[in-house]
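Okay, structure first, notes after.
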Amino acid sequence: MYNEAIQEASTARERSSVVPSPTIPKVAILLACYNGERFLAEQLQSIIQQSHDNWMIVASDDGSCDGTLALLLRYQQQLGEHRLRVIAGPRRGFVANFMSLISTPFIRAEYFAFCDQDDIWHIDHLSKAIAWMQSADPSVPALHCGRTRLIREDGQPFGVSPLFPRAPSFKNALVQSIAGGNTMVFNHSAKQLLERTASLPVVSHDWWAYLLVSGTGGRVHYSASPSVDYRQHGGNLVGSNSSLKDRLHRIRRMFAGHFQSWNETNIESLHHCREMLSEESLRRLQAFARARRSPLPLRLWRISRSGVYRQTVPGNLGLLLAALLGKL
């Protein structure tokens, strides 16, 4: 499969090596890799085939012990270093790998995209996100994200991720991450926010991006139309949350105190960058933090007054349960 993929890359080399018009904004694709040899070629091919063709990939390999690095270097030889740069990751897990990519000094672009090693991008993944972001002031942080189409190991589709109908906001971000990082494309202003906070402890790079952009008064767009095929296989570090099994697993984690621990980490890191938050977001953060520490009857009232919400009725019932049990 890899030889075929490399041959396709060779065929596309001439097109990929042409420097696009300077009027077309550049996208830096931040690809975190670790032992991804099995599916990586398909992801790289889907990037090469993007309708928005002014892109560069920066692949951070986190110490793979399979053929990932060799595959990346073969693609680099075919595409050129202006299209694909390979660097060494920090070897502290996937979140640290993505956050280190955000802070890599040589990466310069108008837009940025998180990229997982085992997905497949639809041909309009970048163009759709950029079209939305270009409609507004580039000095305002902007984040485009959305649903995914779920595929099996062999690439066959079998469903879509849950649809979240309520508007994205900081009130939602405080208690829920609505989209995977594998769907996220963001502008330079949002990248600067993430870079300034890269040393802070965060639960996940995607949840932190949602918190930071929404909390600073930026724009967040959640697309109901998937533009990424999210591959489900035994090596997934984060599940799709699309099945009853996935949701029961999350409930068990809540009872074990994971949700409480995540909230504590997020709140502490947000307090460290509170000068970046809007006045309204800072008030919401303080109200939510105070509510979590309150005795039970007052806790429920203050949680309600803080305005935090999850996207679905079952999600809000789970939020209420977590508050009742002191697991929030």
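Side chains included, hydrogens not; waters and symmetry mates left out as well; all remaining heavy atoms used. Keep in mind the model is a prediction, meaning the values are calculated, not measured.
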- Task: For the pair D154 (side chain) and Q156 (backbone), establish whether a donor and an acceptor sit closer than 3.5 Å, ignoring hydrogens and angles.
- Result: yes
- Distance-only polar pair, side chains of N172 and Y210, donor-acceptor under 3.5 Å: yes
- Task: Before accepting this row, confirm whether a basic side-chain N of the pair R149/D229 lies closer than 4.0 Å to the acidic partner's carboxylate O.
- Result: yes
- Please answer whether the main-chain N or O of F288 pairs with a side-chain N or O of S306 as donor and acceptor at a distance below 3.5 Å. no
- Less than 6.0 Å separating the ring centroids of F114 and F98? yes
- For residues L285 and L174, determine if any side-chain heavy atom of one lies less than 4.5 Å from a side-chain heavy atom of the other. yes
- So, does R284 use its side chain to make a donor-acceptor pair with the main chain of S281 at under 3.5 Å? no
- Query: Between S127 and D124, is any side-chain donor less than 3.5 angstrom from a side-chain acceptor?
  - Reply: no
- Message: Has T68 got a side-chain atom pairing as donor or acceptor with E37's backbone, closer than 3.5 angstrom?
- Response: yes
- How far apart are the C-alpha atoms of S46 and Q43, what are their side-chain angles, what is the distance that settles it, and do they pass the side-chain hydrogen bond (donor to acceptor under 3.5 Å, both in side chains) test? CA-CA 5 Å; S46 73; Q43 175 65 298; 2.7 Å; yes
- State, to 0.1 Å, how close A209 and L194 come at their nearest heavy-atom pair, and which atoms those are. CA-CD2, 3.9 Å
- Paired with C145, the side chain to side chain contact (heavy atoms under 4.5 Å, CB included) test is passed by just one of V213, T183, V185, V228, namely T183
- R302 atom CZ, over 12 foreign heavy atoms within 6.0 Å: yes
- Message: Closer than 3.5 angstrom, by distance alone: can the side chain of R147 be matched with the main-chain N or O of S161 as a donor-acceptor pair?
- Response: yes
- Message: Listing request: all ring pair (Phe, Tyr, Trp, His ring centres under 6.0 Å) pairs with a residue in residues 130-154, at least two apart in sequence or in separate chains.
- Response: W132-H144, W132-H221, H144-H221
- Task: Please assess N97 against S60 for the test side-chain hydrogen bond (donor to acceptor under 3.5 Å, both in side chains), listing each intermediate value before the final yes or no.
- Result: CA-CA 7 Å; N97 200 3; S60 179; 2.5 Å; yes
- Message: Given 3.5 Å as the limit, does a donor-acceptor pair link the side chain of N316 with the main chain of R310, or not?
- Response: yes
- Determine the minimum heavy-atom distance between P138 and S189, stating which atoms define it. O-OG, 2.7 Å
- Message: Below 30° counts as parallel, above 60° as perpendicular, anything between as tilted: where do the rings of F259 and W262 land?
- Response: perpendicular
- Smallest separation among heavy atoms of F112 and N187, with atom names: CD1-O, 4.2 Å
- Shortest non-hydrogen pair, T265 vs P201, comes out as CG2-O, 3.6 Å
- With respect to R38, which candidate in H233, Q117, E153 satisfies the side-chain hydrogen bond (donor to acceptor under 3.5 Å, both in side chains) definition? E153
- Message: Between Y222 and Q311, is the side-chain hydrogen bond (donor to acceptor under 3.5 Å, both in side chains) condition met? List the steps.
- Response: CA-CA 12 Å; Y222 172 84; Q311 287 284 332; over 6 Å; no
- Task: Please name the pair of heavy atoms, one in A323 and one in L296, separated by the smallest distance, quoted to 0.1 Å.
- Result: O-CD1, 4.1 Å
- Side-chain heavy-atom pair S223, K128 within 4.5 angstrom cut-off: yes
- Message: With heavy-atom distances below 4.5 Å as the criterion, would you say the side chains of S278 and F170 are in contact?
- Response: no
- Closest heavy-atom contact between D66 and G36? OD2-N, 3.5 Å
- Note on the structure: Applied to residues 190-204, the side-chain hydrogen bond (donor to acceptor under 3.5 Å, both in side chains) test, sequence neighbours excluded, yields K191-E195, T197-W208, S204-D206
- Message: Quick check against the 3.5 Å criterion: does Q50 have a side-chain atom that pairs as donor or acceptor with the backbone of L126?
- Response: yes
- How far apart are the C-alpha atoms of H125 and S227, what are their side-chain angles, what is the distance that settles it, and do they pass the side-chain hydrogen bond (donor to acceptor under 3.5 Å, both in side chains) test? CA-CA 5 Å; H125 175 61; S227 63; 2.8 Å; yes
- With a 3.5 Å cut-off and no angle check, do the side chains of S100 and S103 form a donor-acceptor pair? no
- Side-chain contact test, heavy atoms from C-beta onward, threshold under 4.5 Å: evaluate it for P25 versus I130 and give yes or no. yes
- Task: Determine whether C33 and L31 make a side-chain contact, defined as any pair of heavy atoms from C-beta on separated by less than 4.5 Å.
- Result: yes
- So do I120 and F39 actually touch side chain to side chain, heavy atoms under 4.5 Å? no
- S169 and S214 side chains, donor-acceptor separation under 3.5 Å: no
- Task: Answer whether the closest heavy-atom distance between the side chains of L328 and Q260 falls below 4.5 Å.
- Result: no
